[in-house]
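This report concerns only the one structure given below.
Heavy-atom basis, side chains included; hydrogens, waters and symmetry copies ignored. In listed order, ligands and their atoms are each counted from 1. Residues: numbered from 1 along the sequence shown.
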Amino acid sequence: MSNYHIKHLEEYYQVYRKSVQEPEKFWEEIAEEHFLWQKRWDEVLSWDFAKPEIKWFDGAELNITENCIDRHLATRSDKTAILFEPNDPNDPTEHITYKQLHERVNKMANVLKSQGISKGDRVCIYLPMIPELAISILACARIGAIHSVIFAGFSATAIASRVNDSDCKLVITSDGSYRGAKTIDLKGIVDEALESCPGVHTSLVVKRINSDVSMKAGRDKWLQPLLDEASNTCEIEIMKAEDPLFILYTSGSTGQPKGMVHTTAGYMVYTAYSFKNVFQYKENDVYWCTADIGWITGHSYIVYGPLLNGATTVMFEGVPSYPDFGRFWDIVQKHKVTQFYTAPTAIRALARQGTELVNEYDLSSLKVLGSVGEPINEEAWHWYNDNVGKNKSPIVDTWWQTETGGIMITPIPFVTPTKPTYATLPFIGIQPTLMSESGEELMDNQVEGKLCIKFPWPSMARTIWANHKRYEETYFSTYKNKYFTGDGALRDEVGYYRITGRVDDVIIVSGHNLGTAPIEDAINEHPAVAESAVVGFPHEVKGNALYGYVTLKDTGESRNQENLQKEINQIITEHIGPIAKLDKIQFTDGLPKTRSGKIMRRILRKIASKDTGDLGDTSTLQNPEIVKDIMDNVV
Ligand code: WT7
């Protein structure tokens, strides 16, 4: 059915037109033909961006795991669902068939039930990239528990604030994780977090590295013995279309992370449909997304999207540099990967190694390359295209967000002509628009503005957990009746979009979304610090790196700045995680502030980027003299 699988450009325009002219009809047809429903919907869409309230397929009943697993058993039971590639290349690859996945998810679901978890309960998952991570997610979905996955690089403090925000009852973790040549003590981190999480009654522990961990009596339980005893059948819980499926935290412009809530039916329909088209997925493909499942990319395009299509999805536990920088290419060759989806920061890190390693491997299985997480610069795009795709595999530069649930602006491979650094055209059903500084919609091509979306799409987040007001303020109050993305973009003469980067206080470092506010809050915890401001500056591999301006309390004592820098980064690591560490710290006597006391970040960004030719208007500063002082001492 052509609406479901687009194969050429005219068809794209035709299907796109239908999807925006008759969105209800369009999505209804997709929903009807490609999924199992326990009960049909009463209404395809109802929405009001002013409230905001968005409902897709309201009245319908379903279970997403029946669509991800059970319905494939008739035709694909021995097909590999998850292809697990361990950290150590000498350890065996694990092929988990759909049948085995069914059994393992059912067992896990029964274990969760036996631990008192039922529909609507929140379960925190803090695991490395091992099969149990995907299995735990699906087990939650099977019994209607709401999963909240926390990326296994976050610190104890970050875990505790997320666990408490959504009031999780149970945590699934492991004794530790492998990361290249290192091991990480995940259990120790969780133990520390749980000291301040009174609501968690149980912690289930996967044995991965066989380390000697302490188990707290009554709370901590090894998972395997429980699985061994569990039955391998577990009936699906019947879920309503708008029941929450999961919470996933993302940073924002205040210290508290935002628990984005995704619901069941719309998320299912959109991730399945976008996966199929954006990767031009075909039945015998081996699809690999290198992201961590701790991020939305992994939720939508390692777990749900691929499994909904009955695909084989690769899960890689390790890092691109271990045992050497050829590891990605080794995996592509070994498993004859057909679609390869990664982040610009990884491409830049690999490009720095030259072309010798990448040329050693047979990459001829590749058909489609993907990029996600941050703007891809021209140089990285060409390196990827020339050396990985050998100029024959189209690159899909996919723009989207935790909040959007699925890919929003992207080429469709073999359909949309690509253009380096451009995410190109809106995906089917997506209605982007650009807004001017004065809040007008820019209707022409060849314009630049703030990127908004005008109409709901099925996989959009419905709220922020326990904070609907913040959801409204963050996304729907800047422009009336529009979802504001927080990104800037330009549209070229043919209507292609190029994302220019964040226009708010979020900085994308190595593809990770970091808010400046939580980092500043952490820095300010240091007893010697009076005030701080964090900005991004361009970095060759990370895209952006973090630059902190720090003013110290005046105590009359002299201080060792080198030690202070270490201590500040240590505090950041404890509060957030190592990904938020500052690359550069400048101690200064003051920060440039407007008369109303607001830090003028624009100036600090320019100084950190060594782009001080034109600092713009500084006449509203209360302390203009500090600017020269900061410039003279730039790091
Ligand atoms: C922010 C969202 C979507 C999965 C990973 C990140 C930036 C994402 C692109 C791209 C330019 C991009 C945006 C966006 N971003 N993809 N292809 N080109 N920028 O999810 O952590 O929610 O971050 O990542 O700034 O707003 P996230």
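- Annotation: G373 places an N or O atom under 3.5 Å from an N or O atom of ligand 1; distance criterion only.
- Residues P420 and E378 form a side-chain contact, since some pair of their non-hydrogen atoms from C-beta on lies under 4.5 Å apart.
- In this structure, the separation between OH on Y273 and OG on S459 is 13.0 Å, given to the nearest 0.5 Å.
- Residue-level proximity to ligand 1 for I499 is carried by the side chain, the only part with a heavy atom below 4.0 angstrom.
- Tested against Y475 for a side chain to side chain donor-acceptor pair (under 3.5 Å), the candidates K482, E403, R470 yield a single pass: E403.
- The option from T402, D487, V372 that lies nearest to atom 22 (O) of ligand 1, judged by heavy atoms, is T402.
- With contacts defined as side-chain heavy-atom distances shorter than 4.5 Å, the pair I507/T516 qualifies.
- Of all the atoms in ligand 1, the ones that sit under 4.0 Å from a non-hydrogen atom of D397 are 10 (C), 17 (N), 18 (N).
- At least one donor-acceptor pair closer than 3.5 Å links the side chain of K390 to the backbone N or O of N387.
- Atom 3 (C) of ligand 1 has W400 O, 3.1 Å as its closest protein atom, hydrogens excluded (heavy atom only).
- With a 4.0 Å cut-off on non-hydrogen atoms, Q401 touches ligand 1 through its backbone as well as its side chain.
- The protein heavy atom nearest to atom 9 (C) of ligand 1 is E374 N, 3.5 Å.
- Between T297 and ligand 1, a contact under 3.5 Å exists for no N or O pair.
- Atom NZ of K581 and atom CD1 of I579 lie 11.5 Å apart (nearest 0.5 Å).
- Backbone and side-chain nitrogen or oxygen atoms of T398 are examined, and one is located within less than 3.5 angstrom of a nitrogen or oxygen of ligand 1.
- At under 3.5 Å, a nitrogen or oxygen of N513, whether backbone or side chain, sits near a nitrogen or oxygen of ligand 1.
- Under 4.0 angstrom from ligand 1, there are no non-hydrogen atoms of V506.
- Of all the atoms in ligand 1, the ones that sit under 4.0 Å from a non-hydrogen atom of I508 are 1 (C), 7 (C), 24 (O), 25 (O).
- Contacts with ligand 1 closer than 4.0 Å are made by side-chain heavy atoms of I296 only, the backbone lying farther away.
- Judged by distance alone, the side chain of S393 and the main-chain N or O of L369 form no donor-acceptor pair under 3.5 Å.
- Checked against the 6.0 Å centroid threshold, Y483 and F49 do not count as a close aromatic pair.
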